[in-house]
K.L.:
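Handing you this structure, nothing more for now.
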Amino acid sequence: KMNTDLGQHVLKNPGVAQAIVDKADLNQSDVVLEVGPGSGNLTVRILEKAKKCIAVELDPRMAAEVTKRVQGTPAGKRLDVMLGDVIKTDLPYFDVCISNTPYQISSPLTFKLLATTPAPRVCILMFQREFALRLFAKAGDKLYSRLSVNAQMWAKIDHIMKVGKNNFKPPPAVESSVIRMVPKNPRPNISYEEWDGLLRICFVRKNKMLRSNFLGTTSVLNLLEGNYRTYCAQNDIPLDDGPAETNGMNGADVLMEVENYKDGLDNQAEDDDPDDGGMDLDDEDDLPAFFKEQTALKLPKGANRKKKGKVHELVREKVRSVLEDKTQLADKRARLCDEGDFLKLLYLFNQEGIHFT
Ligand code: SAM
């Protein structure tokens, strides 16, 4: 019996299963990672072409089933089943990833594959149609998100085929698509963590101006201040740690917090949409506390703001100068920024000693 909470929709169309494996163009020397082998419809086809298949499966009954299916055959020795959640598993080396993905882990799995070094040669992945569209979305599209920017930064993505629900047993509620993700080689010469850290801040509210995402929330500035202190300590840069001249909020700060608050009301429905790849609130449990804090709707609290030190004001000024003077992106909304805008921001922030990790 299938457990649909685990996304157990078995591919019953052998033609589709064969096409997925064929699209990976496997070599006899390849180590393949398969996510969620289920009863092994893809696994047996992978083992025909590859040196080895590492199959990560969460459900012990399924892990037993796929093991039994190849036991005693020559291919059986070339299958390694790892029992567990692929998101929490430290993965061994693999050349290629093939997965009829359980849809609830689409987003964290994609991020995990994009962050993998050395990058796999190719990933052939079945996703819910709408998720696939998010991978392709361009600046300005409704589905444009942190996921889109990351996917297109680190990989080239093609749509391979549409797969209707009736190819699965039981049929899922949604239509599916198989995509090919080819990580760029060589990898772009920037840090994955820095890039993703920048995007997380920009896309916390993708409909807001970058100014308010960066300067309108104490939590983001506190994070950047912490990173800046680490950066200075590592590079022997002395810091003047006295109290700032200004105490608490000035008029502009208050206006911005009020604007944020209203913006929050306007955008709440949209921003809390669990489908928003910018947040992935539903499936990413690595969300730092300050994002949760920022997402919670709050009243302006200017009066309560603690007195900030000189370092905090220095960081705020660096951030302001990058957004307003050096790039003029302060008034742009993340959903309209393209890869070039984000690269420019990262480069100039880093030049100022502002880091995201
Ligand atoms: N590969 C099979 C096929 O194509 O017929 C089954 C695919 S089914 C859509 C997804 C499989 O992923 C299920 O067997 C499910 O138990 C497994 N699964 C769900 N969540 C998982 C996770 N976090 N890590 C590893 N496997 C998972």
Side-chain angles (χ1 to χ4, degrees), residues 1-24 26 32-50 52-70 75 78-92 94 96-116 120 123-132 160-180 274 280 282-286:
K1 194 172 165 290
M2 294 298 155
N3 179 347
T4 48
D5 285 349
L6 292 184
Q8 288 177 352
H9 300 279
V10 167
L11 247 180
K12 65 173 188 190
N13 182 334
V16 175
Q18 193 59 52
I20 291 175
V21 176
D22 288 346
K23 291 293 178 185
L26 295 176
V32 178
L33 171 74
E34 190 194 15
V35 177
S39 53
N41 294 338
L42 296 173
T43 322
V44 291
R45 293 176 166 85
I46 292 168
L47 287 168
E48 276 172 18
K49 298 274 176 68
K52 185 171 165 186
C53 178
I54 302 161
V56 185
E57 174 58 62
L58 185 59
D59 182 344
R61 292 174 317 154
M62 288 295 182
E65 202 169 320
V66 66
T67 306
K68 233 185 283 162
R69 186 160 171 180
V70 296
R78 293 181 288 113
L79 173 65
D80 268 2
V81 177
M82 293 175 75
L83 191 58
D85 179 346
V86 67
I87 303 304
K88 297 182 185 143
T89 304
D90 278 330
L91 299 173
F94 57 97
V96 172
C97 176
I98 296 178
S99 171
N100 174 8
T101 311
Y103 293 155
Q104 48 276 66
I105 63 163
S106 301
S107 191
L109 177 65
T110 306
F111 281 109
K112 184 161 183 158
L113 292 172
L114 292 171
T116 299
C123 305
I124 307 288
L125 308 165
M126 172 98 73
F127 287 130
Q128 174 176 344
R129 181 85 38 86
E130 166 150 323
F131 185 86
I160 293 184
M161 61 180 160
K162 295 183 173 181
V163 183
K165 9 179 142 166
N166 292 324
N167 293 292
F168 299 89
K169 191 178 158 190
V174 291
E175 302 294 334
S176 302
S177 280
V178 178
I179 64 113
R180 179 196 287 115
D280 304 313
D282 263 3
D283 47 19
E284 261 188 71
D285 51 11
D286 63 343

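Counting convention: from 1, in listed order, for ligands and their atoms alike.
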K.L.:
Should you measure from each heavy atom of Asn41, which atoms of ligand 1 turn up under 4.0 Å away?
P.N.:
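Counting from 1, the qualifying ligand atoms are 5 (O).
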K.L.:
Below 3.5 angstrom, do we get any N/O pair linking Asn100 and ligand 1?
P.N.:
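For ligand 1, there is an N or O atom that lies under 3.5 Å from one belonging to Asn100.
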K.L.:
Which atoms of ligand 1 have any heavy atom of Val10 under 4.0 Å away?
P.N.:
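Here the atoms of ligand 1 in question are 5 (O).
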K.L.:
Return yes or no for this condition: an N or O of His9 is under 3.5 Å from an N or O of ligand 1.
P.N.:
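Such a contact does not occur with ligand 1.
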K.L.:
Counting only heavy atoms closer than 4.0 Å, does ligand 1 sit against the backbone of Pro37, its side chain, both, or neither?
P.N.:
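Backbone only.
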K.L.:
Starting from atom 27 (C) of ligand 1, find the nearest protein heavy-atom neighbour and note its residue, name and distance.
P.N.:
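Residue, atom and distance for the closest contact: Leu58 CB, 3.6 Å.
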K.L.:
Kindly confirm or rule out an N or O of Ile87 lying under 3.5 angstrom from an N or O of ligand 1.
P.N.:
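No, no N or O pair falls under 3.5 Å.
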K.L.:
Would you find a donor on one side and an acceptor on the other, under 3.5 Å apart, between the side chain of Gln128 and the backbone of Glu175?
P.N.:
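Side chain of Gln128 to backbone of Glu175, a donor-acceptor pair under 3.5 Å: no, none is there.
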K.L.:
If you count the non-hydrogen atoms of other residues, nucleotides and ligands that lie under 6.0 Å from NZ in Lys68, is the total more than 12?
P.N.:
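It does not: Lys68 NZ has 12 such atoms or fewer within range.
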K.L.:
Which atoms from ligand 1 have a heavy atom of Gly7 less than 4.0 Å away?
P.N.:
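Listed by number with element, the hits are 8 (S), 9 (C), 10 (C).
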K.L.:
Can you sort out which atoms of ligand 1 are near Val56, meaning under 4.0 Å from one of its heavy atoms?
P.N.:
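With Val56 as reference, the close atoms of ligand 1 come out as 25 (C), 26 (N).
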K.L.:
Verify, without hydrogens or angle tests, whether Arg45 (side chain) and Ala19 (backbone) share a donor-acceptor contact under 3.5 angstrom.
P.N.:
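Absent.
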K.L.:
Are the side chain of Gln8 and the backbone N or O of Asn3 linked by a donor-acceptor pair below 3.5 Å?
P.N.:
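Indeed, once roles are kept as given, a pair shorter than 3.5 Å links the two residues.
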K.L.:
Less than 3.5 Å apart, any donor N or O on the side chain of Ser177 or Arg129 sitting next to an acceptor on the other?
P.N.:
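Present: a donor and an acceptor within the cut-off.
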K.L.:
Does Gln104 reach the main-chain N or O of Asp5 with its side chain, forming a donor-acceptor pair under 3.5 Å?
P.N.:
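Indeed, once roles are kept as given, a pair shorter than 3.5 Å links the two residues.
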K.L.:
Return the residue, atom name and 0.1 Å-rounded distance of the protein heavy atom closest to atom 19 (C) of ligand 1.
P.N.:
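For atom 19 (C) of ligand 1, the nearest protein heavy atom is Leu6 O, 3.0 Å.
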K.L.:
On a heavy-atom basis, which atom in Asn41 and which in Ala17 lie closest, and how many Å separate them?
P.N.:
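Heavy atoms only, the tightest pair is O-CB, 4.3 Å.
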K.L.:
Among all protein heavy atoms, pick the one closest to atom 23 (N) of ligand 1 and tell me residue, atom and distance.
P.N.:
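Ranking protein heavy atoms by distance from atom 23 (N) of ligand 1, first comes Asp85 OD1, 2.9 Å.
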K.L.:
Side chain or backbone, does Val35 bring an N or O within less than 3.5 Å of an N or O on ligand 1?
P.N.:
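Between Val35 and ligand 1 (N or O atoms, distance only) the closest approach is not under 3.5 Å.
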K.L.:
Just to confirm my output: which protein heavy-atom neighbour is closest to atom 18 (N) of ligand 1, and how far is it?
P.N.:
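Here the nearest protein heavy atom works out to Pro102 CG, 3.6 Å.
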K.L.:
A quick test of your reading: do over 12 heavy atoms of other residues, nucleotides or ligands sit less than 6.0 Å from NZ of Lys169?
P.N.:
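No - once you tally the heavy atoms of other residues, nucleotides and ligands closer than 6.0 Å, there are 12 at most.
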K.L.:
What protein heavy atom sits nearest atom 6 (C) of ligand 1, and how far away is it?
P.N.:
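Going by distance alone, atom 6 (C) of ligand 1 is nearest to Gly36 O, 3.5 Å.
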K.L.:
Taking Pro170's backbone N and O only, do any of them form a donor-acceptor pair with His9's side chain (distance below 3.5 Å, no angle check)?
P.N.:
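Side chain of His9 to backbone of Pro170, a donor-acceptor pair under 3.5 Å: yes, one is there.
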K.L.:
In terms of heavy-atom contacts, does NZ of Lys112 have more than 12 from other residues, nucleotides or ligands at under 6.0 Å?
P.N.:
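Yes - once you tally the heavy atoms of other residues, nucleotides and ligands closer than 6.0 Å, there are more than 12.
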K.L.:
Could you tell me, atom by atom, which parts of ligand 1 come under 4.0 Å of a heavy atom of Asp59?
P.N.:
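Contacts of ligand 1 toward Asp59, numbered from 1: 16 (O).
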K.L.:
Taking distance alone, with N or O pairs closer than 3.5 Å, would you say Glu57 contacts ligand 1?
P.N.:
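In this structure, Glu57 places an N or O atom under 3.5 Å from an N or O of ligand 1.
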K.L.:
Around atom 5 (O) of ligand 1, find the nearest protein heavy atom and jot down its residue, atom name and distance.
P.N.:
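Answer, as residue, atom name and distance: Leu11 N, 2.9 Å.
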K.L.:
Quick one: does any side-chain atom of Lys23 pair with a main-chain N or O of Ile160 as donor and acceptor, under 3.5 Å?
P.N.:
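No, because the side chain of Lys23 does not come within donor-acceptor range (under 3.5 Å) of the backbone of Ile160.
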K.L.:
Check whether any heavy atom of Gly84 sits under 4.0 Å from an atom of ligand 1.
P.N.:
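It does; at least one heavy atom falls under 4.0 Å.
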K.L.:
So for ligand 1, is Gln8 a polar contact partner (N or O within less than 3.5 Å, distance only)?
P.N.:
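Between Gln8 and ligand 1, an N or O pair is found under 3.5 Å apart.
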K.L.:
Taking distance alone, with N or O pairs closer than 3.5 Å, would you say Leu42 contacts ligand 1?
P.N.:
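No, there is no polar N/O contact under 3.5 Å.
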K.L.:
Looking only at N/O atoms, are Val86 and ligand 1 under 3.5 Å apart anywhere?
P.N.:
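Right, the criterion is met.
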K.L.:
Check step by step if side chain to side chain contact (heavy atoms under 4.5 Å, CB included) holds for Leu33 and Val96.
P.N.:
CA-CA 6 Å; Leu33 171 74; Val96 172; over 6 Å; no
K.L.:
Could you walk me through whether Asp22 and Lys49 pass salt bridge (charged side-chain N to carboxylate O under 4.0 Å, His left out), step by step?
P.N.:
CA-CA 9 Å; Asp22 288 346; Lys49 298 274 176 68; 3.0 Å; yes
